[in-house]
Amino acid sequence: MGCLMSTVEELISRSNRLGADPRNTNYAGGNTSAKGSDVDPVTGQPVDLVWVKGSGGDLGTLTPAGLAVLRLDRLRALTEVYPGVEREDEMVAAFDYCLHGRGGAAPSIDTAMHGLVDAAHVDHLHPDAGIAFATAADGEALTKECFGDRVVWVPWRRPGFQLGLDIAAVKAANPRAIGVILGGHGITAWGATSEECEANSLEIIRAAQAFIDERGRPEPFGAVVEGYTRLPEAERHARAAALAPVIRGLASTDRPQVGHFTDSDAVLDFVSRAEHPRLATLGTSCPDHFLRTKVRPLVLDLPPTAPLDETVARLKELHAAYRDDYRAYYDRFATSDSPPMRGADPAIVLVPGVGMFSFGANKQTARVAGEFYVNAINVMRGAEAISSYAPIDESEKFRIEYWELEEAKLRRMPKPKPLATRVALVTGAGSGIGRAIALRLAAEGACVVVADRDGSAAASVAAEIGGTDVAVPFTVDVTDEAGIRAAVDATALAFGGVDLVVNNAGLSISKPLLDTTEADWDLQHDVMAKGSFLVAKAAARAMVAQGMGGDIVYISSKNSVFAGPNNVAYGAAKADQAHQVRLLAAELGEHGIRVNGVNPDGVVRGSGIFAGGWGAQRAAVYGVPEEELGAYYAKRTLLKREVLPEHVANAVFVLTAGELSHTTGLHVPVDAGVAAAFLR
């Protein structure tokens with residue numbers, strides 16, 4: 001058992017080190033393995049095994065649970081029954097009959113490569129420098145020139161059992177070799193020990209990069225195109241925020257997508273150069289790249305200073321052409337056995353002077369698609385520096401993109417959550433009801449911008465939800481129109497646009513009419529009446545540009561319809577909000593934007609408003625101790641139950657999750673039953 005643990009621990013450590021450096025491989029790209037022995041619990045005899053990273057795992061975060069464990073004798077025995085490349089896909093199912101024990105990850109298509117190569121440790125990686133050689137027009141000659149007989153060229157072959165046989169034969173025929181360059185794909189290295197294998201992988205990567213640096217042309221992407229240089233940062237981000245909802249709407253024609261924006265130096269330099277249209281049209285090459293980025297990106301052919309309406313019109317024209325081209329690509333290569341076309345929208349959109357917009361079913365997928373295209377840019381730069389970029393043929397790309405094994409992987413994915421792909425902006429989300437709403441929306445699959453005047457509270461709630469792929473904070477005062485526009489822009493830059501807005505920010509001052517000052521009145525109306533108006537206006541502008549419909553939800557109050565004592569400013573502001581719901585529902589319906597409200601009452605526990613003095617004021621009005629106010633409110637309801645922030649969040653979810661898709665202009669009471677506030 002000690003030897004077994006040492007083998008697995010070494011493999012995990014090596015994998016994590018290699019996967020932590022993007023120069024070595026991309027996210028979820030490549031795989032590693034180690035061979036060793038363990039005791040067969042049935043026979044009590046030693047059995048030779050191979051541990052290999054399973055399907056879909058990521059080297060940088062790999063754990064033992066992410067390894068597939070197979071019996072080496074059974075895996076190698078498959079060579080006797082291998083039916084040939086025309087029936088390649090059958091071999092993945094055969095790996096299941098080679099598994100040792102229960103649990104572990106599903107074996108990947110590259111399992112044969114690791115099991116058949118006669119080396120104790122094997123790494124298969126997708127380094128940019130290695131793929132630059134793999135996609136160079138004269139990659140075989142360059143590999144020989146750079147590495148001599150230490151690294152051998154293997155022509156492009158689709159990943160699978162035959163590729164494993166090919167690499168095993170190369171290893172046997174080249175005893176001095178430490179690895180191979182896989183044409184159009186990546187690298188594979190091996191070693192007798194884990195340390196030697198890792199050292200050999202790194203030697204190949206470093207030598208390839210050094211060769212490119214020393215021998216490459218200085219400007220492989222050509223001269224800078226006049227007018228295509230990057231905008232200053234503030235202008236660039238403003239332009240990106242204006243374009244993001246439009247582009248997201250186009251990229252979501254077939255199915256809703258979440259977006260990610262990148263304006264890294266690599267992207268901005270690429271789209272400023274003369275050769276970028278040609279290279280982008282050639283598409284990516286490494287299977288991991290184009291599975292994430294599609295066969296090629298959509299590229300805007302206007303400078304960043306073009307008028308916004310002209311840019312939007314051109315994007316729509318290019319998008320229509322892209323869809324036609326993609327359908328033609330599918331029709332050229334699809335057979336009767338091919339899976340149905342998954343959608344004709346681009347996953348990558350390049351905008352000169354501004355940056356790159358990438359899309360996916362969730363934020364992580366969108367972000368990773370962008371990272372993969374940056375990898376592709378680096379690959380193209382390296383290949384063009386030492387040769388010319390020559391990716392694999394489109395027919396081969398199609399075979400990978402519409403591989404039945406890839407389709408099976410997609411079918412194994414869990415059913416999306418109700419709010420998956422939806423982007424939510426919640427105001428007043430740093431505490432109380434807003435916090436509960438943000439948490440619930442995120443739990444149901446939404447990406448959430450946690451907006452609050454208290455930046456530290458917003459950051460705390462966003463961190464509570466998770467990382468930046470699911471939630472980001474934004475500090476904003478809803479009475480500041482410029483700040484609200486900035487919040488909506490930040491939402492677009494973070495997630496591509498906005499679909500769901502919750503007007504929750506609020507406060508209250510409980511005073512009778514004669515004690516209510518003009519300042520009291522103005523403050524409450526500024527925050528709730530004007531603030532809701534400003535948020536709805538900015539969000540609706542983005543939603544209309546996006547063309548995907550949307551939801552605006554107002555957290556109003558029972559007091560919007562019930563005339564309580566000592567409450568004139570608060571009640572009037574809430575009544576204003578309640579009528580905004582009706583007005584905006586009538587106005588925005590033609591754009592598919594639904595506007596609804598929630599009328600809570602007596603939300604004491606966890607409420608920022610009550611903790612800020614409102615609780616003490618209301619308790620004094622009703623003549624009860626402040627700590628008993630929640631119980632007092634509960635006793636006066638029909639259900640005799642206290643209302644909590646989570647109950648309000650439940651109502652927001654119900655209004656926005658799709659089951660009430662034909663409902664707009666509605667107010668939902670969440671007050672445990674206050675007869676005087678029944679809606680009529």
Exercise. Knowing that exactly one of Leu534, Ile484, Asn504, Asp452 qualifies, which makes a side chain to side chain contact (heavy atoms under 4.5 Å, CB included) with Val478?
Worked result: Ile484
Seminar exercise, completed: Tested for side chain to side chain contact (heavy atoms under 4.5 Å, CB included) against Phe359, the lone hit among Thr293, Thr365, Thr421, Val349 is Val349
Would you say the side-chain atoms of [X] and [Y] include a donor-acceptor pair closer than 3.5 Å?
X	Y	value
Arg367	Thr468	no
His237	Asp489	no
Gln580	Asp576	yes
Lys530	His525	no

Which heavy-atom pair separates [X] from [Y] by the least distance, and what is that distance?
X	Y	answer
Ala536	Leu584	CB-CD1, 3.6 Å
Lys363	His260	NZ-ND1, 2.7 Å
Gln546	Val498	NE2-O, 2.9 Å
Ala649	Ala436	CB-O, 3.5 Å
Ala241	Ala492	O-CB, 4.0 Å
Val354	Asp263	O-CB, 3.4 Å

Return yes if some donor-acceptor pair links the side-chain N/O of [X] with the main-chain N/O of [Y] below 3.5 Å, else return no.
X	Y	result
Asp499	Met548	no
Asp254	Ala344	yes
Ser460	Ser456	no
Tyr322	Arg296	yes
Arg236	Gly355	no
Arg239	Gly353	no
Thr427	Asn503	no
Asn596	Gly665	yes
Arg248	Gln257	yes
Asp526	Thr479	no

Exercise. Using 30° and 60° as the class limits, which term best fits the ring planes of Tyr622 and Tyr633: parallel, tilted or perpendicular?
Worked result: perpendicular
Taking atom [atom1] of [X] as the centre, does the number of heavy atoms from other residues, nucleotides or ligands within less than 6.0 Å exceed 12?
X	atom1	result
Arg440	CZ	yes
Lys316	NZ	no
Glu518	CD	no
Glu464	CD	yes
Arg582	CZ	yes

Taking only Lys NZ, Arg NE, NH1 and NH2, and the carboxylate oxygens of Asp or Glu, determine whether [X] and [Y] approach each other closer than 4.0 Å.
X	Y	value
Asp551	Arg422	yes
Asp601	Arg636	yes
Arg314	Glu310	no
Asp480	Arg453	no

Problem set entry | Pair Ile247-Leu298, side-chain contact (heavy atoms from CB on, under 4.5 Å): steps then yes or no | CA-CA 10 Å; Ile247 296 173; Leu298 185 157; over 6 Å; no
Problem set entry | Derivation of the side-chain contact (heavy atoms from CB on, under 4.5 Å) call for Phe678 and Leu638 | CA-CA 12 Å; Phe678 283 175; Leu638 300 176; 3.6 Å; yes
For this session: Assess Arg342 against Tyr402: is NZ or CZ under 6.0 Å from the centre of the six-membered ring, and within 45 degrees of the ring's axis?
Result: yes
Exercise. Quick one: is the NZ or CZ of Arg292 closer than 6.0 Å to the six-membered ring centre of Tyr27, and within 45° of its axis?
Worked result: no
For this session: Hey, could you give me the OG/CG distance between Ser510 and Asn559, rounded to the nearest 0.5 Å?
Result: 9.5 Å
Exercise. Between atom CG of Leu318 and atom CG of Leu250, what is the distance when rounded to the nearest 0.5 Å?
Worked result: 10.0 Å
Flag side-chain contact, heavy atom, 4.5 Å: [X] against [Y]:
X	Y	answer
Arg327	Asp324	yes
Leu302	Leu315	no
Pro669	Lys558	no
Ile552	Met543	yes
Asp515	Asn566	no
Ile348	Met356	yes
Val561	Leu679	yes
His319	Asp345	yes

For this session: Quick one: do Val258 and Cys447 satisfy side-chain contact (heavy atoms from CB on, under 4.5 Å)? Show the steps, please.
Result: CA-CA 9 Å; Val258 176; Cys447 300; 4.2 Å; yes
For this session: For side-chain contact (heavy atoms from CB on, under 4.5 Å), just list the numbers for Leu308 and Leu243, CA-CA rounded to whole Å, side-chain angles, deciding distance to a tenth of an Å, and then say yes or no.
Result: CA-CA 8 Å; Leu308 184 62; Leu243 291 175; 3.6 Å; yes
